[in-house]
Participant: 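Got a structure for you, questions after.
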Amino acid sequence: MSLLKTECHIKVTDPEIDAVSLLSQQTELSKQAIKQAMQKGAVWLTHGKQTNRLRRAKKALNQGDELHLYYNQAVLDEQVDAAELLYDEGQYSVWFKPFGMRCQGSKWSDHSTINRFAETHLEPARSAYIIHRLDLAATGLIVLGHSKKITAAIAKLFETRALDKYYQVIVEGEFSTAKVTIDSEVDGKSALSYAHRLEYNAELNQSKVQVKIESGRKHQIRVHMASLGHPVVGDRLHGNGSEATPNLQLTSCYLNFICPVTQQDKVFELPQAYRPHF
């Protein structure tokens with residue numbers, strides 16, 4: 001059994017033995033390693049029909065419960081830059097998501113996700129729920145909900161496109177000065193984007209482009225820019241990016257919607273320092 005990556009599932013037969021001791025005995029991992037994995041979201045507890053992450057080492061167990069450990073040292077060692085809280089609206093908040101921070105955890109951990117970062121850094125402390133997503137390699141504005149009701153309300157705004165959002169990208173080549181409409185399928189689904197050039201750097205032969213999307217297909221902007229012959233700088237999947245090139249130059253910069261709490265028109269803009277630049 002490799003201690004770099006292992007998983008185990010244990011039925012609780014003696015509730016007097018705590019979860020850390022049980023998992024340590026089963027895997028030969030140290031109790032300290034188990035506690036760290038637990039804090040990072042790699043330990044789960046099934047009680048009845050519910051399975052949830054177990055973070056409290058001292059949580060009482062019941063006979064018949066089942067413990068699950070998904071231990072992957074490489075995942076647990078993953079480190080990302082800190083997110084930054086830009087707007088705190090109480091029942092929801094707006095953050096800057098850095099490159100490499102995830103919008104979704106896995107069974108192996110959730111410590112590098114933006115919602116977990118928010119839960120461990122917000123004051124006052126609150127639960128944080130993902131409403132929409134940005135690619136792992138993308139940066140920019142992310143809205144997190146702090147109540148299930150408001151999370152659902154804002155998620156519906158995204159689903160029904162009842163909000164405005166735009167992105168800025170640095171692309172290869174000299175992008176058209178005219179406003180461009182891209183109406184082509186992404187993964188077999190209709191996808192519509194509008195783009196216009198903000199700036200051109202002749203020395204680098206790169207353009208800064210603002211993009212507004214009417215649909216939210218996976219990698220939509222990256223696919224559409226590449227289809228025009230202007231792949232996003234740093235795009236390793238659809239463009240010419242590699243380990244040697246900069247990070248993906250794609251950033252969510254602007255959100256505008258009617259606040260479901262106050263019914264007021266809200267505009268959230270990303271500070272210039274976080275926007276893509278040549």
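Side chains are part of it too, since the values below use all heavy atoms of this structure and drop only hydrogens, waters and symmetry mates. Keep in mind that what you see is a predicted model, and the values were worked out from it rather than measured.
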Participant: Examine distances only and state if a side-chain atom of Gln220 and a backbone atom of Leu192 form a donor-acceptor pair shorter than 3.5 Å.
Facilitator: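 Looks like yes, one N/O pair under 3.5 Å.
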Participant: Are Ile221 and Leu136 grouped together when hydrophobic residues (ILVMFWY) are joined by side-chain heavy atoms under 4.5 angstrom apart?
Facilitator: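 No; tracing contacts between hydrophobic side chains, which count when under 4.5 Å, never links both residues.
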Participant: Lys35 side chain to Ala57 main-chain N or O, any donor-acceptor pair under 3.5 Å?
Facilitator: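 No: the side chain of Lys35 does not pair with the backbone of Ala57.
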Participant: Between Tyr70 and His9, what is the shortest heavy-atom contact and its length?
Facilitator: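 That would be OH-CE1, 3.3 Å.
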Participant: Look at the side chain of Asp135 and the backbone N and O of Ala137, then say whether any donor-acceptor pair between them is shorter than 3.5 Å.
Facilitator: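 It does not hold such a pair.
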Participant: Could you go through Ile170 and Lys208, starting from their C-alpha distance and side-chain angles, then the distance that decides it, and tell me whether this counts as side-chain contact (heavy atoms from CB on, under 4.5 Å)?
Facilitator: CA-CA 5 Å; Ile170 305 287; Lys208 182 187 288 187; 3.9 Å; yes
Participant: Any side-chain heavy atom of Lys107 within less than 4.5 Å of one from His68?
Facilitator: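 They are not in side-chain contact.
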Participant: Find the distance between OG1 (Thr181) and NE2 (His224) and round it off to the nearest 0.5 Å.
Facilitator: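 Going from OG1 on Thr181 over to NE2 on His224, the span is 11.0 Å.
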Participant: Does a sphere of radius 6.0 Å around CG in Asp187 hold more than 12 heavy atoms from other residues, nucleotides or ligands, not counting ones at 6.0 Å or beyond?
Facilitator: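 Result for CG/Asp187: open.
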Participant: Hey, is Lys58 close enough to Asp18 for a salt bridge, meaning N to O under 4.0 Å?
Facilitator: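 No, Lys58 and Asp18 are not salt-bridged.
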Participant: Find the distance between NE2 (His196) and CD (Gln210) and round it off to the nearest 0.5 Å.
Facilitator: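 Output value for this atom pair is 4.5 Å.
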Participant: Could you go through the salt bridge (charged side-chain N to carboxylate O under 4.0 Å, His left out) check for Arg236 and Glu243 one step at a time?
Facilitator: CA-CA 8 Å; Arg236 299 173 189 174; Glu243 294 289 343; 3.5 Å; yes
Participant: With rounding to the nearest 0.5 angstrom, report the OG1 to CG distance, Thr6 to Leu69.
Facilitator: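 Between atom OG1 of Thr6 and atom CG of Leu69 there are 7.0 Å.
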Participant: Minimum heavy-atom separation for Ile10 to Leu22, with atom names?
Facilitator: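 Taking Ile10 first and Leu22 second, the nearest heavy atoms are CD1-O, 3.7 Å.
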Participant: Any idea how Phe268 and Phe257 line up, ring-wise: parallel (<30°), tilted (30 to 60°), or perpendicular (>60°)?
Facilitator: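 Tilted.
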Participant: Any side-chain to backbone donor/acceptor pair from His132 onto Val143? Under 3.5 Å, distance only.
Facilitator: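 Flag set: sc His132 to bb Val143 pair under 3.5 Å.
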Participant: Mark yes when over 12 heavy atoms from residues, nucleotides or ligands other than His277 sit less than 6.0 Å from its NE2; otherwise mark no.
Facilitator: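 Open.
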Participant: Should His230 and Glu172 be marked as a side-chain contact (heavy atoms from CB on, under 4.5 Å) after you check the CA-CA gap, both sets of side-chain angles, and the distance that decides it?
Facilitator: CA-CA 5 Å; His230 296 287; Glu172 296 176 16; 5.8 Å; no
Participant: Determine whether a donor-acceptor pair (N or O, by modelled atom type, separation under 3.5 Å) exists between the side chain of Gln249 and the backbone of Asn247.
Facilitator: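 Yes.
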Participant: Side-chain heavy atoms under 4.5 angstrom apart, residues restricted to Ile, Leu, Val, Met, Phe, Trp, Tyr: same cluster for Leu76 and Leu67?
Facilitator: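 Yes, Leu76 and Leu67 fall within the same hydrophobic cluster.
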Participant: Given 3.5 Å as the limit, does a donor-acceptor pair link the side chain of Lys40 with the main chain of Trp108, or not?
Facilitator: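 A pair under 3.5 Å: no.
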Participant: Check for me whether the distance between the ring centres of Tyr166 and Tyr194 falls short of 6.0 Å.
Facilitator: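 Between Tyr166 and Tyr194, the centre distance exceeds or equals 6.0 Å.
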Participant: Taking all heavy atoms of Ser21 and all of Lys31, pick out the closest pair and write down the distance.
Facilitator: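 Shortest heavy-atom contact: OG-NZ, 3.3 Å.
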Participant: Taking the side chain as every heavy atom from C-beta outward, state whether Asn205 and Tyr200 have any pair of such atoms under 4.5 Å apart.
Facilitator: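 The answer is yes; the side chains approach within 4.5 Å.
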Participant: Taking C-beta and beyond as the side chain, do Ser193 and Ile213 meet within less than 4.5 Å on heavy atoms?
Facilitator: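 SC-SC contact between Ser193 and Ile213 confirmed.
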Participant: Does a side-chain N-to-carboxylate-O contact under 4.0 Å join Arg217 and Glu185?
Facilitator: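 No, no charged N to carboxylate O under 4.0 Å.
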Participant: Is it true that Ile154 and Leu270 fall in one hydrophobic cluster, defined by side-chain heavy atoms closer than 4.5 Å?
Facilitator: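 Yes: a chain of side-chain contacts under 4.5 Å links Ile154 to Leu270.
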Participant: Where is the tightest heavy-atom contact between Val75 and Ser109, given as atom of each residue plus distance?
Facilitator: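 Val75 and Ser109 have their closest heavy atoms at CG1-OG, 3.4 Å.
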Participant: Provide the closest heavy-atom pair for Ala19 versus Met38 in the form atom of the first, atom of the second, distance.
Facilitator: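 Shortest heavy-atom separation between Ala19 and Met38 comes out as CB-CE, 4.2 Å.
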Participant: Could you tell me whether the side chain of Ile34 reaches within less than 4.5 Å of the side chain of Thr27, counting heavy atoms only?
Facilitator: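 Thr27 reaches Ile34 side chain to side chain.
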Participant: I would like to know whether Leu250 and Val211 meet side-chain contact (heavy atoms from CB on, under 4.5 Å); could you show each step before the answer?
Facilitator: CA-CA 10 Å; Leu250 189 161; Val211 185; over 6 Å; no
Participant: Would you compute the distance between atom CG of Leu157 and atom CD1 of Ile258 and round it to the nearest 0.5 angstrom?
Facilitator: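 If I round to the nearest 0.5 Å, the distance is 9.0 Å.
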Participant: Taking atom CD as the centre, does Gln263 end up with more than 12 heavy-atom neighbours from other residues, nucleotides or ligands that are less than 6.0 angstrom away?
Facilitator: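 Enclosed.
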Participant: So if you build clusters from Ile, Leu, Val, Met, Phe, Trp, Tyr with side-chain heavy-atom gaps below 4.5 Å, do Tyr274 and Val232 land together?
Facilitator: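 Each belongs to a different hydrophobic cluster.
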Participant: Within this structure, what is the OG1-NE2 distance for the pair Thr151 and His146, rounded to the nearest 0.5 Å?
Facilitator: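 One finds 8.0 Å between OG1 of Thr151 and NE2 of His146.
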Participant: Would you check if Phe278 and Val233 make a side-chain contact, meaning some heavy-atom pair closer than 4.5 Å?
Facilitator: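 Answer no - side chains too far apart.
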Participant: What's the shortest heavy-atom distance between Phe175 and Ser207, and which atoms?
Facilitator: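 Heavy atoms of Phe175 and Ser207 come nearest at N-OG, 2.9 Å.
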Participant: Go through Ile150 and Tyr129 one step at a time and tell me if the side-chain contact (heavy atoms from CB on, under 4.5 Å) criterion holds.
Facilitator: CA-CA 10 Å; Ile150 293 304; Tyr129 305 102; over 6 Å; no
Participant: Between Asp88 and Arg126, does any NZ, NE, NH1 or NH2 come within less than 4.0 Å of an OD or OE carboxylate oxygen?
Facilitator: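 A salt bridge is present here (some side-chain N lies under 4.0 Å from a carboxylate O).
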Participant: In the structure I gave you, are the side-chain heavy atoms of Pro271 and Phe96 within less than 4.5 Å of one another anywhere?
Facilitator: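 The answer is no; the side chains never approach within 4.5 Å.
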Participant: Flag the pair Met101 / Ile142 as yes when at least one side-chain heavy-atom distance between them is below 4.5 Å, and no otherwise.
Facilitator: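 In short, these two side chains do not touch, never coming nearer than 4.5 Å.
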Participant: State, yes or no, whether a side-chain contact exists between Glu78 and Arg102 at a heavy-atom distance under 4.5 Å.
Facilitator: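 Contact flag for Glu78/Arg102 side chains = yes.
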Participant: Look only at the side chain of Ser93 and the backbone of Glu89, and say whether a donor-acceptor pair between them is shorter than 3.5 Å.
Facilitator: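 Such a contact is absent between Ser93 side chain and Glu89 backbone.
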Participant: Using 4.0 Å as the upper bound for N to carboxylate O, is an ion pair formed by Arg116 and Glu119?
Facilitator: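 Yes.
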Participant: Give, for atom CG of Leu54 and atom CH2 of Trp44, the distance between the pair rounded to the nearest 0.5 Å.
Facilitator: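 Between atom CG of Leu54 and atom CH2 of Trp44 there are 11.0 Å.
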Participant: Quick check against the 3.5 Å criterion: does Thr251 have a side-chain atom that pairs as donor or acceptor with the backbone of Cys253?
Facilitator: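 Pair absent, no side-chain N/O of Thr251 close to backbone of Cys253.
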Participant: Spell out, yes or no, whether Ile130 and Leu134 are grouped together once hydrophobic residues are joined by side-chain heavy atoms under 4.5 Å, including indirect joins.
Facilitator: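 Hydrophobic grouping puts Ile130 with Leu134.
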